[in-house]
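Notes follow the structure.
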Amino acid sequence: MFLSPLLQSSSGCISNMKPGNQTHVLEFSLLGFFQDSENQHILFELFLSMFVVTVLGNLLIILAISSDSHLHTPMYFFLSNLSFADVCFTSTTVPKMLVNIQTQSKSISYAGCITQMYFFMVFGGMDTFLLTVMAYDRFVAICHPLHYTVIMNPCLCGLLVLVSWFISLSYSLIQSLLMLRLSFCTNWVIPHFYCELAQVLTLACSDTLINYILLYVVIGFLGIVPFSGILFSYIRIVSSILRIPSAHGKCKAFSTCASHLSVVSLFYGTGLGVYLSSDSSSWRGMIASVMYTVVTPMLNPFIYSLRNRDIKSALKKILGRTLCVQ
């Protein structure tokens, strides 16, 4: 899902420029929200506040889980990894945008752009995989409760996270290395607030066929497979919950996966909004991208803390210790 907006520009500039128009670019210009010059101060404060809330909220989740031994379970292990990925995901785009707004500079270096794309793909991929792994965890907990501790053992949990990291890092590295071989046209303006892969590919004058082939293959793998896994898990979960005789038992079973289902809906819903935007560089497309890259990671800690007694209890303990120290 995090690659979905990249589909929109597949018919861009692939190899239709003359060799004389090709050059090695030193920096790009991120047009982004600079189109609205009158509200720069408001945009800076808005994105700064959202970034601070995102970082603090997710770090508090990680701190609560690591400091409370009762939360050292597979579900919270995956949640702490998701919070870490969310902090990094937001940090790949927002700080640079804030610096550019504050300094009134639109530039980002060529190396900085490639680096930003690399980490954006890495942590976007991690979000996708971790949500899938968490859906499998809820499936085992509800459909096979007696075998949960045996199936979701520490070795398997660690292996699932390591495989997620390996796939995300490998694809991102390959795509970034393929970007390094491209030459670019004289137009180096990216009409977005970060270096989106699809937008950068449209500026290339050399052949991008290999880039797009890899892109489509990975979209099929990282988009369809994880979503199918989540969908399958929840079909089985709903089926198991409906077989529980008591209404109280059904509510209790559903409450164990309600937070995850809310996060999945938010993640894929905003991602679909980016995909359905006719032009990702338009205001509507950029707002959809903000919802996907900034708002979703910001809301995740609230969803898990407000709907989870264990997290709320751990956060209260941290607050109590802090007040006692002061």
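The structure presented is a predicted model; accordingly, all values stated were derived computationally and were not measured.
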message: Let's go through F139 and H144 carefully: what are the C-alpha distance in whole Å and the side-chain angles of both, what is the deciding distance for ring-ring contact (aromatic ring centres under 6.0 Å, His included) to 0.1 Å, and is it a yes or a no?
response: CA-CA 8 Å; F139 160 72; H144 305 283; 5.5 Å; yes
task: Could you please spell out the steps behind the side-chain contact (heavy atoms from CB on, under 4.5 Å) verdict for T256 and R138?
output: CA-CA 8 Å; T256 62; R138 293 299 84 205; 3.6 Å; yes
message: Using the rule given for side-chain contact (heavy atoms from CB on, under 4.5 Å), can you reason through Y171 versus M121, listing the C-alpha separation, both sets of side-chain angles and the distance that settles it, and then say yes or no?
response: CA-CA 8 Å; Y171 161 69; M121 289 184 285; 3.6 Å; yes
task: Determine, stepwise, if the pair F89 / F119 fulfils ring-ring contact (aromatic ring centres under 6.0 Å, His included).
output: CA-CA 7 Å; F89 187 49; F119 284 110; over 10 Å; no
Full working for side-chain contact (heavy atoms from CB on, under 4.5 Å) between V189 and F28: CA-CA 6 Å; V189 176; F28 293 99; over 6 Å; no
- request: Could you give me the CA-CA distance, side-chain angles and deciding distance for T90 and V55, then say whether side-chain contact (heavy atoms from CB on, under 4.5 Å) is met?
  value: CA-CA 8 Å; T90 303; V55 173; over 6 Å; no
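Side-chain N or O atoms of S170 include none that pairs as donor or acceptor with a backbone N or O of I167 at under 3.5 Å. Side chain of N153 to main chain of V150: a donor-acceptor pair is present (N/O by atom type, distance under 3.5 Å, no hydrogens or angles). Side-chain N or O atoms of Q116 include one that pairs as donor or acceptor with a backbone N or O of T92 at under 3.5 Å. Remark: side-chain polar atoms of T208 are not paired, donor with acceptor, to backbone N or O of N211 under 3.5 angstrom. Side chain of S168 to main chain of W165: no donor-acceptor pair is present (N/O by atom type, distance under 3.5 Å, no hydrogens or angles). Within the 3.5 Å criterion, the main-chain N or O of L169 finds no donor-acceptor partner in the side chain of S172. No donor-acceptor pair closer than 3.5 Å links the side chain of H72 to the backbone N or O of F77. Between the side chain of S49 and the backbone N or O of L46, at least one donor-acceptor pair lies under 3.5 Å. With hydrogens and angles ignored, the 3.5 Å screen pairs no side-chain donor or acceptor of T296 with any backbone N or O of F267.
When all heavy atoms of C143 and P145 are compared, the pair lying nearest together is C-CD, 3.4 Å. The two residues F123 and A85 make their nearest non-hydrogen contact at CB-O, 3.9 Å. The two residues A135 and I237 come nearest to each other via the heavy atoms O-CD1, 4.3 Å. In this structure, L214 and Q175 approach most closely via the heavy-atom pair CD2-NE2, 3.9 Å. Nearest approach of I62 to S83, heavy atoms of both residues: CG1-CB, 3.8 Å. Minimum interatomic distance between A314 and L71 (heavy atoms only, all atoms of both residues): CB-CD1, 3.7 Å.
You'll find the side chain of F193 stays beyond 4.5 Å of the side chain of L30, heavy atoms only. Side-chain atoms of F78 and V161, non-hydrogen and from C-beta on, do get closer than 4.5 Å to each other. Between Q102 and Q40, every side-chain heavy-atom pair lies at or beyond the 4.5 Å cut-off. At a threshold of 4.5 Å between non-hydrogen side-chain atoms, the residues L197 and M179 count as touching. Between F129 and L160, the closest side-chain pair of non-hydrogen atoms is not below 4.5 Å. Here the side chains of L201 and L182 are in contact, with some heavy-atom distance below 4.5 Å. Within the 4.5 Å cutoff, no side-chain heavy atoms of C205 are placed close to those of F184. D68 has its side chain within reach of K317: a pair of non-hydrogen atoms, C-beta onward, lies under 4.5 Å apart.
Hydrophobic cluster membership differs between M152 and L162, with clusters built from Ile, Leu, Val, Met, Phe, Trp and Tyr side chains linked at under 4.5 angstrom. Put simply, I190 and L180 are part of the same group of oily side chains (I, L, V, M, F, W, Y) that touch within less than 4.5 Å, one to the next. If you chain together hydrophobic residues whose side chains sit under 4.5 Å apart, V52 and V99 never meet in one group. Cluster membership for L79 and L156, using ILVMFWY side-chain heavy atoms within less than 4.5 angstrom, is shared. Taking hydrophobic clusters as Ile, Leu, Val, Met, Phe, Trp and Tyr residues chained together by side-chain heavy-atom distances below 4.5 Å, F232 does not share a cluster with I230.
The CG atom of L56 sits 12.5 Å away from the CE atom of M298 when rounded to the nearest 0.5 Å. For the atom pair CG (L209) and CG (L215), the distance works out to 11.5 Å, reported to the nearest 0.5 Å. In this structure, CD1 in I241 is found 13.0 Å from NZ in K252, a value given to the nearest 0.5 Å. Of the inter-residue distances, the one linking I114 atom CD1 with C195 atom SG reads 7.5 Å to the nearest 0.5 angstrom. Within the model, atoms CD of E196 and SG of C113 stand 11.0 Å from one another, a figure rounded to the nearest 0.5 Å. Atom CG of N300 is separated from atom OG1 of T54 by 9.0 Å, given to the nearest 0.5 angstrom.
Shown here is I210, whose CD1 atom has no more than 12 heavy atoms of other residues, nucleotides or ligands within 6.0 Å. Around atom CE of M50, more than 12 heavy atoms belonging to other residues, nucleotides or ligands sit under 6.0 Å away. Residue F84 qualifies as open at atom CZ: its count of foreign heavy atoms under 6.0 Å is 12 or below.
If you check the side chains of R243 and S239, you find a donor sitting under 3.5 Å from an acceptor. Checking Y148 against D137 by side-chain atom types alone, a donor-acceptor pair falls below 3.5 Å.
Only one option out of I101, T93, N100 pairs with M97 in a side chain to side chain contact (heavy atoms under 4.5 Å, CB included); it is I101.
Checked against a 6.0 Å centroid threshold, the rings of H260 and Y234 count as neighbours.
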